[in-house]
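A quick note: this is a predicted structure, and the numbers were derived from the prediction, not measured.
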Protein chains: 2
Amino acid sequence: MASVPHHDHVNHAGRALVGAARDAMVAGGEQWTDMRAAVFESLASFDQPASAYDIADRVSQLLGRRVAANTVYRILDLFVSKNVAMRVESRNAYLANAHPDCLHDCIFLVCDGCGATTHVDDDVLSNGVRERASAAGFKAERPVIEVRGRCSDCRD
Amino acid sequence: MASVPHHDHVNHAGRALVGAARDAMVAGGEQWTDMRAAVFESLASFDQPASAYDIADRVSQLLGRRVAANTVYRILDLFVSKNVAMRVESRNAYLANAHPDCLHDCIFLVCDGCGATTHVDDDVLSNGVRERASAAGFKAERPVIEVRGRCSDCRD
DNA sequence: GCTCTCGATGAGATAATATAACACGACGCC
DNA sequence: GGCGTCGTGTTATATTATCTCATCGAGAGC
């Protein structure tokens, strides 16, 4: 598989992930409030893309009080804009970003069997998509590349 | 721009488009009922991706009676499965397919200014995405490549 | 300390998108 | 006629997303 581009970022995990998210937010001029921390932790605690409502439930549990969806949406939108979370369009769901510090157009492999979603980067491909858009006179702002299919565990 | 792959299909328009859709459906072993024709015509009458509810409204108008969303969804799902329509995931909306007879993974350029969505094909890119998925042990079934941005009319 | 403003959150309502459950009629087949 | 399948109608409900306005606290300027 020598031809496949690799990714050698540190993949922040657990509390380190939270720290990386906080740093990225602060670096972007945003506050890191308790609520935002709670939303991020909840988001990161899923092993699959989570809907805003899933997250709202988990945040509510975490904080011991009811947190409304719109609070969660506001924060998720902010996270996405700061590259701390990513939205999986074809599932209307969100993922924590393991390396917010580095900017890629990412490619999601979304398993229709188990829902697991893996995230790969391939700048050659994503630049190709951007170039293809430019060639059509289009100013690419946010490429969305997601592949629906079956992960290795869920193939027949 | 000689390096950009082209597309030389006949782009069916108007009634010819409807005919192509009907043929594709029939070829796929599906019926072409009045309701399906009405949904397809309504879909094709939009110059932008249309939501199922937009379509339901237009079908209702066309038929002079109330047609419920789920009827439209059923038919749209069928259309998508037969490649007669396509779903734009990042807008929760649908487009008629101008050449149902030929199968591509398509790339949508979705303008966040005016909503216009153009459809390009680039088998080199889409195969690249499929290969990238395979390399990760993933069985690609439906690649989704959509680019959010600004069309040439809506750039600053 | 006081007040002003601003950003963050709370609360409730509502909109927009999508699916479920079940009934009914048309049609083909036996 | 009796049965099965397919397409649609009808109603209800689930899920996702946004809007509006109120409140609260931190910091700036005085």
Side-chain angles (χ1 to χ4, degrees), chain A residues 21-22 25-26 28-43 46 48-60 62-82 84-95 110 112 115 148, chain B residues 22 25-26 28-40 42-43 46 48-60 62-82 84-95 110 112 115 148:
Chain A
R22 185 194 54 231
M25 287 285 283
V26 171
E30 299 291 346
Q31 301 179 31
W32 187 253
T33 64
D34 289 351
M35 188 69 236
R36 290 174 186 185
V39 170
F40 189 85
E41 278 183 40
S42 298
L43 170 61
F46 287 90
Q48 290 189 7
S51 77
Y53 282 82
D54 292 338
I55 295 164
D57 288 345
R58 198 161 286 190
V59 171
S60 298
L62 191 62
L63 300 187
R65 68 194 167 81
R66 187 71 220 160
V67 174
N70 71 356
T71 294
V72 173
Y73 273 108
R74 275 192 293 240
I75 293 175
L76 287 173
D77 287 349
L78 188 64
F79 283 176
V80 170
S81 76
K82 297 298 175 188
V84 150
M86 293 166 303
R87 179 173 162 86
V88 183
E89 293 293 345
S90 67
R91 301 210 53 159
N92 301 323
Y94 299 83
L95 279 176
V110 183
D112 286 330
R148 306 300 299 253
Chain B
R22 184 195 54 232
M25 287 284 284
V26 171
E30 298 292 344
Q31 301 179 30
W32 187 252
T33 65
D34 290 349
M35 189 70 236
R36 290 173 187 185
V39 169
F40 188 85
S42 298
L43 171 60
F46 287 90
Q48 290 188 7
S51 78
Y53 282 81
D54 292 339
I55 295 164
D57 288 345
R58 198 161 286 191
V59 171
S60 298
L62 190 64
L63 301 186
R65 68 193 168 82
R66 187 70 220 161
V67 174
N70 79 352
T71 294
V72 173
Y73 273 107
R74 274 192 293 238
I75 293 175
L76 287 173
D77 287 349
L78 187 63
F79 283 176
V80 169
S81 76
K82 297 300 175 188
V84 151
M86 293 167 302
R87 179 172 162 87
V88 182
E89 292 293 345
S90 67
R91 301 209 53 154
N92 302 322
Y94 299 83
L95 280 175
V110 182
D112 286 329
R148 305 302 296 254

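Note on A:Q31: a side-chain N or O is less than 4.0 Å away from OP1 or OP2 of C:dA8. In terms of phosphate contacts, B:T71 brings no side-chain nitrogen or oxygen within less than 4.0 Å of OP1 or OP2 of D:dT8. In this structure, B:R87 reaches the C:dA18 phosphate: one of its side-chain N or O atoms is under 4.0 Å from OP1 or OP2. The side chain of B:T33 places no N or O atom within less than 4.0 Å of a non-bridging phosphate oxygen (OP1 or OP2) of D:dG7.
Between the CG atom of A:N92 and the P atom of D:dA17 there is a distance of 4 Å, rounded to whole Å. The nearest whole Å value for the distance from the CZ atom in B:R91 to the P atom in C:dT17 is 10 Å. Remark: P of C:dT17 and CD of A:E89 are 14 Å apart, rounded to the nearest angstrom. The distance between atom CD of A:E30 and atom P of C:dT9, rounded to the nearest whole Å, is 10 Å. What separates CG of A:L63 from C1' of C:dT9 is a distance of 12 Å, to the nearest Å. The distance between atom CG of A:L78 and atom C1' of C:dT9, rounded to the nearest whole Å, is 13 Å. The CZ atom of A:R36 sits 14 Å away from the C1' atom of C:dG10 (whole-angstrom rounding). Whole-Å rounding puts the A:M35 CE to D:dT23 C1' distance at 16 Å.
Put simply, the side chain of A:R148 never gets that close to the backbone of A:D112: no donor and acceptor are under 3.5 Å apart.
Taking all atoms of both residues into account, the shortest heavy-atom contact from B:A52 to B:V72 is O-CG1, 3.6 Å.
Taking 3.5 Å as the limit, the base of C:dG10 and the side chain of A:R74 contain a donor-acceptor pair of atoms between them. Looking at A:Y53, its side chain has no donor and acceptor atom pair within 3.5 Å of the base of D:dA14. The base of D:dG9 is not paired with the side chain of B:R65 by any donor and acceptor separated by under 3.5 Å.
Aromatic ring pairs are classed by plane angle as parallel below 30°, tilted from 30° to 60° and perpendicular above 60°; the pair B:F40 and B:F79 is perpendicular.
Listed nucleotides: D:dT11, C:dG10, D:dT18. Nearest to the side chain of B:N70: D:dT11.
Residues A:V67 and A:V39 are not in side-chain contact: their nearest non-hydrogen atoms beyond the backbone lie 4.5 Å or more apart.
A:A52 comes within 4.0 angstrom of no nucleic acid atom, judged by non-hydrogen atoms across all strands.
The pair A:D77-A:K82 does not count as a salt bridge, with every side-chain nitrogen at least 4.0 angstrom from each carboxylate oxygen.
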